[in-house]
Amino acid sequence: MSWNQDEPPTNPYRAPDWQFQQVPTAPVQPPPPPPRRRAWVLPAVAAGVAVVLVGGAAGAYLLYGRPASSDAPAKPTAGTEAPTRPAATQPAAAAVLDVCTMLPVAEVDRLVPQAAVAKRSRDAGFAVYSYCDLSNRRISHGEFWRSREIKASIAQHRGEGPKTGRAQAQALYDSELGFFTYKAKNEPTDEKKDPGEKNYNSAVKHYPGVGDGAFGQYTWSRDKSLWYSFGEGRARVGDMIIEVRYQASQQRKDADFLSSKTTQSVSEENALREVGVLLTHLAKGAAAWKAAHPGELAKVEPSPTQTPTPTPSPSASPTIVAQLPVTCRRMSPAMMKLVPGATERAKAGTSGGTQETECRWLNLNIPAGEGRRRILSAMVTIQLFANRAGAADSAAAKAQYATQLGNAQATESSALGGIRFGKIEKLRDLGDEAYLQYWVDKKNTVFNGSGDVLVRVGPALVRASFAGAELGADEATNSPKVKVLGEKEAREGALTVARAVVDSLGQSGLKKDE
């Protein structure tokens, strides 16, 4: 909720969240297929090489469905079997291999909620490849940002000379199995690692009954700047090779920018289970496709398609109310001292079940000596969170507080395009949790300095701001000569506003968490 651009803003400018809250993921792997290999030959290795899992509890937090027993892959979610496509309903000219359609929607929603979907295909000469990438690297979950990604591909191999496509696929499958087995038994030596780097590759897990053969492996890696883990697997269905990678992680919203601290990534048990589920669906889908197109080679799609990451639907705009709400009326005497002669205005509305109230005290022309004037603004924004049943929801307020604190920490003591952010000060004696930050805006229409306090009181989230500037009576509000409100005055003013609104909410019966 904001006012016209000719008024000084009292909420800090925030660059888009995605620039600051990327959850560390594994290095992006190029999509082109690997070159065909000769039958893999096991290299001689020194005896006695042991694989040690460093940090056994490497983020075992992603618990989906029921654990799989023995080596059998977990059963796909009920009612989500990949659809079969009878030959009678599939024209021969439309023999496109679409990997994305082989993954049931319910399964994708479970593993990668609100996934962005990108698919493509290519003819590499010796094989026709179809790719499907599903990702969502910014899922809000309480105090954490979660990241999920599935990369899947199917390659249908052509015959070459006396070797059939099936034989070519079998040779590649055997080669990959040998390579994965080698990785599990041969951890890189310390001299080949960066200082502090730790790596682990699990033993190969086989999935009986999936296609003509299937296996998976778990990879875990830690270094100073990148923490990640993932499960990946291979399967063969006739002349087709299926590849899958599943990666998941989470990090606290208040984690330092570009830091791997508080990062948790998918555990070995869960990663291998989900790889088995994905391989099962894709193997069934590949078999159904082959049954519908006997003896045919897949065709490349005419053009790639992509769906953007879903964005929340816009909520109804708040409306200006005739008079200040009771909470703000209690504050008016104190606010009039901060902003003499202020004009009072308020807005109110509901967004996604959350009640929002905004009150502002503004004066654009406070005398400040001969030929000088001050612009001062005090503003409070109150969000009252409720669950679907209409009851107060402190957990939702706490999660939103963590999100906004994380965004603020991402810009702390930095400058961005004319906006300069100060240090964050945690406030221990205000509400359940609160912080204060000073910032300077020399980018927008009205240059100003502002103190900004975010405080949570039970199910309420309150932003209290005090901003202003001094300039010539006829001087433009974005003139280089504008003197912005100093940090000391801005911080003291913001604390006055924050304490006034918290006290007013207390008089209305709002209490801190017990």
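No side-chain N or O of R138 forms a donor-acceptor pair with one of S147 less than 3.5 Å apart. Under the 3.5 Å distance criterion, with hydrogens and angles disregarded, a donor-acceptor pair is assigned to the side chains of R463 and Q404. For the residue pair R330 and S504, a side-chain donor N or O sits within less than 3.5 Å of a side-chain acceptor on the partner. At a cut-off of 3.5 Å, with distance as the only test, a side-chain donor of E268 or Y200 sits close to an acceptor on the other residue. Residues N270 and E274 bring no donor and acceptor atom of their side chains to less than 3.5 Å of each other. No donor-acceptor contact under 3.5 angstrom links the side chains of T445 and N478, judged on distance only. When only modelled atom types and interatomic distance are considered, E344 and W361 share a side-chain donor-acceptor pair under 3.5 Å.
Side chains of R148 and L134 form no contact here, defined as non-hydrogen atoms less than 4.5 Å apart. Taking the side chain as every heavy atom from C-beta outward, V502 and L430 approach each other to under 4.5 Å. Between T327 and T357, the closest side-chain pair of non-hydrogen atoms is not below 4.5 Å. The side-chain heavy atoms of N363 and T343, taken from C-beta on, include no pair separated by under 4.5 Å. Looking only at side-chain heavy atoms (C-beta outward), I154 and Y131 stay at 4.5 Å or farther from each other. Side-chain contact between Q264 and F144: present, with at least one pair of heavy atoms (C-beta onward) separated by less than 4.5 Å. In this structure, W220 and K198 have side chains that are in contact, with non-hydrogen atoms separated by less than 4.5 Å. By the 4.5 Å heavy-atom criterion applied to side chains, E492 and L495 are not counted as neighbours.
K398 NZ to L461 CG: the interatomic distance, rounded to the nearest 0.5 Å, is 13.0 Å. Between the CZ atom of R456 and the OH atom of Y435 there is a distance of 14.0 Å, given to the nearest 0.5 Å. Atoms OG and CD1, from S153 and I242 in turn, are 9.0 Å apart once rounded to the nearest 0.5 Å. Summarising the geometry, atom CZ belonging to R329 is positioned 15.5 Å from atom CE belonging to M335; distances are rounded to the nearest 0.5 Å. How far CE of M102 is from CG of L278: 13.5 Å, rounded to the nearest 0.5 Å. Taking CD from Q217 and OG from S202, the interatomic distance works out to 5.0 Å, rounded to the nearest 0.5 Å.
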(message) Run the salt bridge (Lys or Arg N to Asp or Glu O under 4.0 Å) test on R428 and E433 for me, step by step, so that the C-alpha distance in whole Å, both residues' side-chain angles and the decisive distance to 0.1 Å come before the verdict.
(response) CA-CA 7 Å; R428 308 299 180 187; E433 48 192 342; over 6 Å; no
(message) Before you tell me yes or no, could you show the steps for Q114 and I139 under side-chain contact (heavy atoms from CB on, under 4.5 Å), namely the whole-Å CA-CA distance, both residues' side-chain angles and the distance that decides it to 0.1 Å?
(response) CA-CA 9 Å; Q114 294 184 302; I139 305 169; over 6 Å; no
(message) I'd like to know whether T411 forms a side-chain contact (heavy atoms from CB on, under 4.5 Å) with W439, so could you lay out the CA-CA distance, the side-chain angles of the two residues, the decisive distance to 0.1 Å, and finally the verdict.
(response) CA-CA 10 Å; T411 58; W439 62 280; over 6 Å; no
(request) Give the C-alpha distance, both sets of side-chain angles, the deciding distance and a yes or no for salt bridge (Lys or Arg N to Asp or Glu O under 4.0 Å) between R372 and E470. (result) CA-CA 7 Å; R372 303 286 293 175; E470 183 180 316; 3.4 Å; yes
(request) Before giving the answer on side-chain contact (heavy atoms from CB on, under 4.5 Å), spell out for I424 and Q409 the whole-Å C-alpha distance, their side-chain angles and the decisive distance to 0.1 Å. (result) CA-CA 7 Å; I424 290 175; Q409 288 176 325; 3.6 Å; yes
(request) Show your working on side-chain contact (heavy atoms from CB on, under 4.5 Å) between M331 and V501 and close with a plain yes or no. (result) CA-CA 7 Å; M331 299 173 55; V501 68; 3.6 Å; yes
(request) Apply salt bridge (Lys or Arg N to Asp or Glu O under 4.0 Å) to the pair K151 and D133, showing each step before the final yes or no. (result) CA-CA 5 Å; K151 287 183 173 293; D133 296 342; 3.4 Å; yes
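Panel note: side chain D393, backbone A395; a donor-acceptor pair is recorded below 3.5 Å. A donor-acceptor contact shorter than 3.5 Å is absent between the side chain of D109 and the backbone of P113. A distance-only check finds no donor-acceptor pair linking the side chain of S249 to the backbone of S265 [under 3.5 Å]. Between the E356 side chain and the A348 main chain, no donor and acceptor come within less than 3.5 Å of each other. No side-chain donor-acceptor contact under 3.5 Å links S479 to the backbone of A476. Distance alone, capped at 3.5 Å, places no donor-acceptor pair between the S229 side chain and the T219 backbone. Without hydrogens or angle criteria, S130 side chain to L97 main chain gives a donor-acceptor distance under 3.5 Å. Between the side chain of Y401 and the main chain of A434, a donor-acceptor pair closer than 3.5 Å is present. Judged by distance alone, the side chain of D441 and the main-chain N or O of I419 form no donor-acceptor pair under 3.5 Å.
Contact record, A498 with V453: CB-CG1, 3.7 Å, taken as the closest heavy-atom pair. Between S413 and K423, the shortest heavy-atom contact is OG-CG, 3.3 Å. Of all heavy-atom pairs spanning L324 and C328, the tightest one is CB-CB, 4.1 Å. Closest non-hydrogen pair, S377 versus R360, comes out as OG-NE, 2.9 Å. Scanning all heavy atoms of the two residues, the minimum distance from E149 to V112 falls at N-CG2, 4.2 Å. Of all non-hydrogen atoms in A378 and V497, the two that sit nearest each other are CB-CG2, 4.0 Å.
With salt bridges taken as basic N to acidic carboxylate O contacts below 4.0 Å, one links E232 and K183.
No option in N448, V440, L376, I375 other than L376 meets the side chain to side chain contact (heavy atoms under 4.5 Å, CB included) test with L485.
Annotation: D474, atom CG; neighbour count of heavy atoms from other residues, nucleotides and ligands within 6.0 Å does not exceed 12. Atom CZ of R420 sits in a sparse spot, with 12 or fewer heavy atoms from other residues, nucleotides or ligands closer than 6.0 Å.
Both tests pass for R245 against the ring of F230: distance under 6.0 Å to the centre and angle within 45° of the axis.
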